[in-house]
Amino acid sequence: MKIAVTGKGGVGKTTLASTLARLYADEGRTVLAADVDPDANLGLALGLSEEEVNAIVPVSKMKELAKERTGANFSNTFYKLNPEVSDLPDKLARDVNGVKLLVMGTVDTGGTGCVCPEHVMLKALLSSLVLRKDDVVIMDMEAGLEHLGRGTASMMDRFIAVIEPGARSIQTYERIRQLAADIGVTTVQVVGNKIRSEDDKDFLRSRIPEEALLGFISYNEEVIDADRRGLSPYDVSPKALEEIRAIKAKIDNA
């Protein structure tokens with residue numbers, strides 16, 4: 001099972017990604033959760049403290065490791081474009097409530113379009129994750145999918161866009177669907193979050209194809225409070241847990 005969860009900041013994709021990861025871990029599955037969002041907070045949502053999260057060095061910042069794996073010289077002029085990284089998920093992951101957390105980070109190229117050793121290692125590591133046959137891999141992504149290569153994306157089982165009941169969120173879903181199609185992914189599913197009423201559900205049902213809509217997560221003060229306090233929504237909101245469990249069941253039965 002390889003799942004990429006995407007959506008604009010603040011829509012609740014980390015709540016969904018972290019809770020799905022812990023539910024799969026509850027089943028005894030090997031779960032690897034990769035935080036690929038520049039605003040990394042998947043660790044908090046899985047149950048780490050703020051101090052523990054701040055102590056994690058993102059893979060994108062491991063310059064010496066990138067040079068070692070790519071064979072980069074001092075000037076970074078020559079290096080391998082396909083470094084060996086298959087051992088890194090197990091070496092670098094942090095165990096959190098049965099989930100192996102990898103904080104990937106992003107590489108700032110400053111608009112130059114350069115491809116540095118850190119960027120090469122990051123892309124190779126993403127590709128390596130989707131090749132782990134027996135593992136559940138859940139990636140908490142940023143909204144754009146351009147940084148995923150066609151080969152990596154085509155091996156994902158599904159992309160899940162988390163959206164809110166509003167016109168702007170529908171536009172975000174359409175953009176994500178187009179970006180996914182551009183890199184060879186034709187199936188993008190949707191979870192509606194921050195649902196306050198049946199009208200909200202009806203709005204999303206009227207805009208999203210039935211086969212693409214996985215389910216709904218209610219507007220939930222417990223989840224909002226958990227985010228403020230840096231706690232895992234899995235541990236504080238039975239209602240959200242029940243709703244995401246139903247979404248997981250639909251994923252498993254697809």
Side-chain angles (χ1 to χ4, degrees), residues 1-6 13-14 16-73 76 79-109 114-142 145 147-149 151-153 155-157 230 232 234:
M1 184 75 71
K2 309 294 183 290
I3 302 170
V5 181
T6 187
K13 61 188 176 62
T14 299
L16 177 64
S18 63
T19 306
L20 283 176
R22 291 191 60 177
L23 286 171
Y24 278 112
D26 287 347
E27 297 177 348
R29 305 281 294 273
T30 298
V31 182
L32 211 156
D35 198 339
V36 194
D37 193 324
D39 185 21
N41 54 21
L42 183 57
L44 287 173
L46 286 170
L48 288 180
S49 68
E50 191 170 348
E51 292 75 16
E52 289 172 318
V53 169
N54 291 337
I56 296 175
V57 178
V59 175
S60 62
K61 303 298 183 185
M62 298 180 179
K63 295 182 180 294
E64 291 306 316
L65 179 61
K67 289 180 179 179
E68 172 196 322
R69 291 304 173 103
T70 62
N73 60 25
N76 289 342
Y79 46 85
K80 300 174 185 175
L81 294 179
N82 57 341
E84 173 55 47
V85 296
S86 60
D87 62 316
L88 292 183
D90 293 320
K91 286 184 177 180
L92 301 179
R94 173 74 180 267
D95 289 329
V96 190
N97 289 313
V99 177
K100 295 179 181 295
L101 169 67
L102 261 180
V103 179
M104 307 292 281
T106 56
V107 176
D108 182 9
T109 58
C114 68
V115 180
C116 61
E118 295 93 331
H119 181 81
V120 167
M121 185 174 74
L122 208 58
K123 290 201 71 172
L125 191 51
L126 281 170
S127 296
S128 176
L129 292 181
V130 299
L131 290 172
R132 294 171 70 98
K133 292 183 180 179
D134 299 323
D135 295 354
V136 175
V137 177
I138 298 176
M139 295 186 188
D140 186 4
M141 314 294 291
E142 55 187 318
L145 305 177
H147 60 291
L148 277 178
T152 301
M155 290 183 284
M156 300 298 293
D157 290 319
S232 173
Y234 177 101

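In this chain, numbering begins with 1 at the start of the sequence shown. Since the model is a prediction, treat every value here as computed from it, not as a measurement.
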Could you walk me through whether Val99 and Leu32 pass side chain to side chain contact (heavy atoms under 4.5 Å, CB included), step by step? CA-CA 6 Å; Val99 177; Leu32 211 156; over 6 Å; no
Audit row: Tyr234, Asp26, side chain to side chain contact (heavy atoms under 4.5 Å, CB included) steps and yes/no: CA-CA 11 Å; Tyr234 177 101; Asp26 287 347; 2.4 Å; yes
Test log, rule side chain to side chain contact (heavy atoms under 4.5 Å, CB included), inputs Leu126 and Val36: CA-CA 9 Å; Leu126 281 170; Val36 194; 4.1 Å; yes
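A donor and an acceptor atom, one from each side chain of Asp135 and Tyr24, are nowhere located under 3.5 Å apart.
At a threshold of 4.5 Å between non-hydrogen side-chain atoms, the residues Arg22 and Val96 do not count as touching. Ser18 has its side chain within reach of Leu42: a pair of non-hydrogen atoms, C-beta onward, lies under 4.5 Å apart. Using a 4.5 Å cut-off on side-chain heavy atoms (C-beta onward), Val31 and Leu20 make no contact. Between Leu122 and Val59 there is a side-chain heavy-atom pair separated by less than 4.5 Å. Considering only heavy atoms from C-beta on, Val5 stays 4.5 Å or farther from Met139 through its side chain.
Residue-environment remark: CD (Glu52) exceeds the threshold of 12 foreign heavy atoms within 6.0 Å. For CG of Asp134, the number of neighbouring non-hydrogen atoms (other residues, nucleotides, ligands) closer than 6.0 Å is 12 at most.
Between the CD1 atom of Ile138 and the CG atom of Leu101 there is a distance of 12.0 Å, given to the nearest 0.5 Å. Taking CG of Leu125 as the reference point, atom CG of Leu88 lies at 6.0 Å (rounded to 0.5 Å). Distance check: Leu65 CG to Lys63 NZ gives 12.0 Å after rounding to the nearest 0.5 Å. Rounding to the nearest 0.5 Å gives a distance of 10.0 Å between CG of Leu102 and CG of Asp35. One finds the OG atom of Ser86 at 11.0 Å from the CG atom of Leu129 (value rounded to the nearest 0.5 Å). Considering CG of Leu44 and OG of Ser232, their distance stands at 9.5 Å, rounded to 0.5 Å.
No donor-acceptor distance shorter than 3.5 angstrom exists from the side chain of Asp140 to the backbone of Thr6, with no hydrogens or angles considered. Looking at Lys100, its side chain never comes within 3.5 Å of a backbone N or O of Arg94 through a donor-acceptor pair. Thr70 places a side-chain N or O within 3.5 Å of a backbone atom of Ala66 that can act as its donor or acceptor partner.
What you find for Val85 and Ala124 is that their closest heavy atoms are CG2-O, 3.5 Å.
Between Asp87 and Arg69, at least one side-chain nitrogen of the basic residue sits less than 4.0 Å from a carboxylate oxygen of the acidic one, meeting the salt-bridge criterion.
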